[in-house]
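Below: one structure, written as C-alpha cells.
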Number of protein chains: 2
Amino acid sequence: MDFRDRSLPDGINPMNFPAKLWRLVNNPLNEGISWDIHGEVILIDQHLFEKQILSPRANTSPDAFKTTNFSSFVRQLNLYGFKKVDQPIKQLDTLQDIINL
Amino acid sequence: MDFRDRSLPDGINPMNFPAKLWRLVNNPLNEGISWDIHGEVILIDQHLFEKQILSPRANTSPDAFKTTNFSSFVRQLNLYGFKKVDQPIKQLDTLQDIINL
DNA sequence: GGTTCTAGAACC
DNA sequence: GGTTCTAGAACC
C-alpha cells in the first residue's frame, strides 16, 4: 500500500463529510486545517478555519459545508469518531531542545 | 416594584454568571449583547460578543469570563435555563408594514 | 461554580 | 446524511 496515495477508496461518497474532510486536510492551501508532523493528527486553527472554510464568502468550493458554525463542524467530527487531543505542538521540539543542551 | 431598577437582589453573588450576564446586557456600551425591544429576550451578536467580551484583549473588565469560547458561554446560558428563540427581529415591523398598506 | 469535550435528540 | 440546540459528564 502506498501511503502517499491520497485518492479515496471505492465506495466512499465523495460528497459526504469524511471525503470532504480528507480533501480539505490534504490541500496545503487550507492553512486552517492540516496534518501534524506525523500525519496522525489533524490540526485545526479555529479562527483561520472559520474564515477560510466556513464563512459564507468561502462557499465557492464544492467542499464547503452547509453550516457556518464551528460547533456544527465539531459535532460532525465527533459523530465520525474524532476526539480532541491535547496540543502536541512544540512538545517534542522542547524536549529536543532540552536534550541538545 | 420599579422595573427600571437594575440593581441586583440581595443574596445574589455579583461574581457569578447570572449577575455578570445582567450587567453585560444592561450596559449599552456592549453592542454584542442587548435586550430586545420588549425587554424579554436577550439579543446576542456572536461575532461582536466574541470580539468585545470574550476575546483575551477584552479581559480587563471584572465581568469578563474565564472562557474565550462562545460555546462555553452558551453552555452557561443553557445551564441557567436560557433557551434559544427564533429571531423575532423585523417580524413585527413587517406585519406593521402589511397593516399599513 | 465554571469550563471543556462529547453525545442525544429533534429537525431539515 | 447534515445541522442545530441542549445536556451529560469529567475535570478544573
Using whole Å, what does the distance between atom [atom2] of nucleotide [N] and atom [atom1] of [X] come to?
X: B/N13; N: C/dG2; atom1: CG; atom2: C1'; value: 13 Å
X: A/Q46; N: C/dC5; atom1: CD; atom2: P; value: 10 Å
X: A/I53; N: D/dG2; atom1: CD1; atom2: P; value: 17 Å

With A/Q76 via side-chain hydrogen bond (donor to acceptor under 3.5 Å, both in side chains) - residues at least two apart = none
Look only at the side chain of B/D45 and the backbone of B/H47, and say whether a donor-acceptor pair between them is shorter than 3.5 Å.
-> yes
Any sub-3.5 Å donor-acceptor pair from A/N27's side-chain atoms to A/L29's backbone N or O?
-> yes
For the atom pair CD1 (A/I33) and CG (A/L43), what is the distance rounded to the nearest 0.5 Å?
->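 Rounded to the nearest 0.5 Å, the CD1-CG separation comes to 9.0 Å.
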Of the listed nucleotides C/dT3, D/dG1, C/dG1, the one nearest the side chain of B/T67 =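 Out of C/dT3, D/dG1, C/dG1, the nucleotide with an atom closest to B/T67's side chain is C/dT3.
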Closest of C/dG1, D/dT3, C/dT3 to the B/N16 side chain is C/dG1
Can you say whether the rings of A/F17 and A/F65 are parallel (under 30°), tilted (30 to 60°) or perpendicular (over 60°)?
-> tilted
Could you tell me how the ring of A/F49 sits relative to the ring of A/F70: parallel (under 30°), tilted (30 to 60°) or perpendicular (over 60°)?
->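 Judged by the thresholds at 30° and 60°, the geometry between A/F49 and A/F70 is perpendicular.
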For nucleotides 6-10 of chain C, list the nitrogen or oxygen atoms of the protein found under 3.5 Å from its nitrogen or oxygen atoms, one pair per line.
from	atom 1	to	atom 2	distance (Å)
C/dT6	OP1	A/K84	N	2.8
C/dT6	OP2	A/N78	ND2	3.3
C/dT6	OP2	A/K84	N	3.3
C/dA7	OP1	A/K83	NZ	3.2
C/dG8	N7	A/R75	NH2	2.8
C/dG8	O6	A/R75	NE	2.7

Can you find a side chain N or O atom of A/N69 that sits less than 4.0 Å from OP1 or OP2 on D/dT3?
->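 For A/N69, the contact criterion (side-chain N or O under 4.0 Å from OP1 or OP2 of D/dT3) is not met.
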Does B/Y80 place a side-chain N or O at less than 4.0 Å from the phosphate oxygens OP1/OP2 of C/dG1?
->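 Checking B/Y80 against C/dG1: no side-chain N or O falls below 4.0 Å of OP1 or OP2.
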